[in-house]
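Below is one structure, written out as structure tokens; comments come after it.
All figures in this text were calculated on a predicted structure; none of them were measured in a lab. FYI, side chains are in, hydrogens and waters are out, and symmetry mates aren't considered; it's all heavy atoms of this structure.
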There are 2 protein chains.
Amino acid sequence: MYNLQSVVQRLEEEGLRITPSRLAVVAAVLDLSGHFSVDDILSQVPEVGRATVFRTMKLLSEMDVLCRVLLDDGSLRYRVSQRQDHHHHLVCVSCASVQELDACIDPEVLNELARTTGYEIEGHWLEFFGRCTACRSDSA
Amino acid sequence: MYNLQSVVQRLEEEGLRITPSRLAVVAAVLDLSGHFSVDDILSQVPEVGRATVFRTMKLLSEMDVLCRVLLDDGSLRYRVSQRQDHHHHLVCVSCASVQELDACIDPEVLNELARTTGYEIEGHWLEFFGRCTACRSDSA
DNA sequence: TAGATTATTGATACCAAGTATCAATTACAC
DNA sequence: GTGTAATTGATACTTGGTATCAATAATCTA
Ligand SMILES: [Mn+2]
Ligand SMILES: [Mn+2]
Ligand SMILES: [Zn+2]
Ligand SMILES: [Zn+2]
């Protein structure tokens, strides 16, 4: 979906400078499928400072180039986002492949929740875990 | 819901030893409402080693005395659990008060998800955020 | 009630994610 | 080409968490 050029364009649109460090991080990130940790990126761009890698990951997340994927143990990974709107993930616990989902909380459920609790609902986390077709046939 | 005696009994039932460190952590934990961090506990039991505090928190989580609460930024907190079955949380982003919820994913949605993705669904995270009645009237 | 046994402790050293600081550098607009 | 503001990266710090391991102590049993 994204390539280096399109991300560079996005950066320029945001008024951000195109630096070798940013280009290196973006290239490293675009090279990966599934989800990855900051360390995965750090080890692929040893010439870029640690803080800059973190800063760039954060930038890219805010620009919706990356999204954060919540794993079942509560840890967070990153992934190149296929879609820029609100969505959730289904993650294979065995191979890290990720599906981005249309499914969200039923608005009726949200209303009911607000009504019964008195809370004004502002947000939610919703992430699914399972085993993908490939991984299930591997272990069969 | 829980008191020191009942947790001690639970520990004994699990064949675990009753030690001063464990008692101190349990007492500190039972003293708190809402959600709390490991640091909150650490600072209340400075006489107990760091590793032991972590170990005890983990134990209590596995025994369903504590549950982990996911915040909107992706960080995890702990809380004394009111219920021992599968459940989710609604957290006030302003005062840390937590509601434990009956609401869960509609089984129909899960089936649909499994069917359309080919994944075998094994688990999920579902946590809600909002502002409780008290906090909303405070800022009004 | 004294051992023996085994779980538990806590000091220490790690690891990973992330932030704060700040002087040095550099991308880019003019 | 130059000025300036954005960016970098070294460093140090924070928080959550795990691994190691010798020393200690809770409990079982005789
Ligand atoms: Mn996504
Ligand atoms: Mn709970
Ligand atoms: Zn898989
Ligand atoms: Zn509140």
Side-chain angles (χ1 to χ4, degrees), chain A residues 4 7-29 32 35-63 66-79 96 125, chain B residues 4 7-29 32 35-63 66-79 96 125:
Chain A
L4 197 55
V7 177
V8 166
Q9 197 181 331
R10 294 286 314 278
L11 288 167
E12 285 170 341
E13 283 165 14
E14 303 274 339
L16 297 165
R17 295 187 176 173
I18 310 304
T19 68
S21 294
R22 279 182 181 157
L23 287 175
V25 171
V26 172
V29 145
L32 297 172
H35 55 75
F36 47 84
S37 65
V38 183
D39 246 27
D40 293 330
I41 303 302
L42 270 169
S43 61
Q44 286 190 28
V45 288
E47 75 275 15
V48 179
R50 218 177 97 79
T52 298
V53 170
F54 274 97
R55 285 188 284 239
T56 308
M57 301 281 274
K58 191 178 187 181
L59 263 183
L60 294 176
S61 301
E62 286 162 0
M63 291 166 57
L66 293 184
C67 53
R68 298 197 308 166
V69 177
L70 180 67
L71 301 194
D72 51 356
D73 65 355
S75 62
L76 283 172
R77 291 294 130 83
Y78 294 87
R79 127 174 253 267
W125 271 107
Chain B
L4 196 54
V7 176
V8 166
Q9 195 180 333
R10 293 285 316 276
L11 288 168
E12 285 170 341
E13 282 164 13
E14 303 274 338
L16 296 164
R17 294 182 177 176
I18 310 305
T19 68
S21 293
R22 278 181 181 157
L23 288 176
V25 172
V26 172
V29 146
L32 297 173
H35 56 76
F36 48 83
S37 66
V38 184
D39 246 26
D40 292 331
I41 303 302
L42 271 169
S43 60
Q44 287 190 28
V45 287
E47 74 276 16
V48 179
R50 214 176 100 80
T52 297
V53 171
F54 274 98
R55 284 188 284 239
T56 308
M57 301 281 273
K58 192 177 186 181
L59 263 182
L60 294 175
S61 300
E62 286 161 359
M63 291 165 56
L66 293 184
C67 53
R68 299 197 307 165
V69 177
L70 180 68
L71 301 194
D72 52 356
D73 65 355
S75 63
L76 283 171
R77 291 292 132 83
Y78 294 87
R79 127 174 253 266
W125 270 109

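- The side chain of B:Tyr78 places no N or O atom within less than 4.0 Å of a non-bridging phosphate oxygen (OP1 or OP2) of D:dT15.
- Heavy atoms only, all atoms of each residue included: B:Asp73 and A:Arg68 are closest at O-NH2, 3.0 Å.
- To the nearest angstrom, C1' of D:dT15 lies 15 Å from CZ of B:Arg68.
- Counting to the nearest Å, the C1' atom of C:dA17 and the CG atom of A:Leu70 are 14 Å from each other.
- Atom CE in A:Met57 sits roughly 8 Å away from atom P in C:dG18 (whole-Å rounding).
- In this structure, the side chains of A:Ile41 and A:Thr56 stay at 4.5 Å or more apart for every pair of heavy atoms.
- At a threshold of 4.0 angstrom between heavy atoms, the contacts of B:Ser37 are confined to the sugar-phosphate backbone, with no base atom among them.
- Formation of a donor-acceptor pair under 3.5 Å by the A:Ser61 side chain with backbone atoms of A:Met57 is found in this model.
- The distance from atom CD of B:Glu62 to atom P of D:dG17 is 12 Å, rounded to the nearest whole Å.
- Minimum interatomic distance between A:Thr52 and A:Ser21 (heavy atoms only, all atoms of both residues): CG2-CB, 3.9 Å.
- We find that CG of B:Asp39 is positioned 9 Å from C1' of D:dG16, with the value rounded to whole Å.
- Contact check, B:Lys58 against D:dG16: no side-chain N or O comes under 4.0 Å of OP1 or OP2.
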Go through it in stages, so that I can follow the logic: the residues are A:Phe36 and A:Leu66, the test is side-chain contact (heavy atoms from CB on, under 4.5 Å), and I'd like the CA-CA distance, side-chain angles, deciding distance and then a yes or no. CA-CA 11 Å; A:Phe36 47 84; A:Leu66 293 184; 4.0 Å; yes

Criterion side-chain hydrogen bond (donor to acceptor under 3.5 Å, both in side chains) on B:Arg22 and B:Thr19, from CA distance to verdict: CA-CA 5 Å; B:Arg22 278 181 181 157; B:Thr19 68; 4.6 Å; no

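- Side-chain atoms of B:Val48 and B:Leu42, non-hydrogen and from C-beta on, never get closer than 4.5 Å to each other.
- When all heavy atoms of B:Met63 and B:Arg10 are compared, the pair lying nearest together is O-NH2, 3.0 Å.
- The two residues A:Ala24 and A:Val45 have their closest heavy-atom pair at O-CG1, 3.6 Å.
- Atom CG of A:Leu76 is separated from atom P of D:dG16 by 14 Å (rounded to the nearest Å).
- Under a 3.5 Å cut-off, the side chain of B:Trp125 and the backbone N or O of A:Leu71 do form a donor-acceptor pair.
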Pairs: protein N or O with nucleotides 20-25 of chain C N or O, under 3.5 Å:
none

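- Listed in residue order, the members of residues 11-22 of chain B having a heavy atom less than 4.0 Å from DNA chain C are B:Leu16, B:Arg17, B:Thr19, B:Ser21, B:Arg22.
- Within residues 40-49 of chain B, no residue places a heavy atom under 4.0 Å from DNA chain D.
- Side-chain proximity of B:Thr52 to D:dT18, D:dG17, C:dG10: nearest is C:dG10.
- In this model, no side-chain donor or acceptor of B:Arg50 finds a partner on the base of C:dG10 within 3.5 Å.
- Protein atom CZ of B:Phe54 is 16 Å distant from nucleotide atom C1' of C:dT9, rounded to whole Å.
- One interatomic measurement links the two molecules: CZ of B:Phe36 to P of D:dT15, which rounds to 17 Å at whole-angstrom precision.
- Expressed to the nearest 0.5 Å, how far CG of B:Leu4 lies from CG of B:Leu11 amounts to 9.5 Å.
- Summarising the geometry of A:Ser43 relative to A:Asp40, their closest heavy-atom pair is OG-O, 3.0 Å, with the distance given to 0.1 Å.
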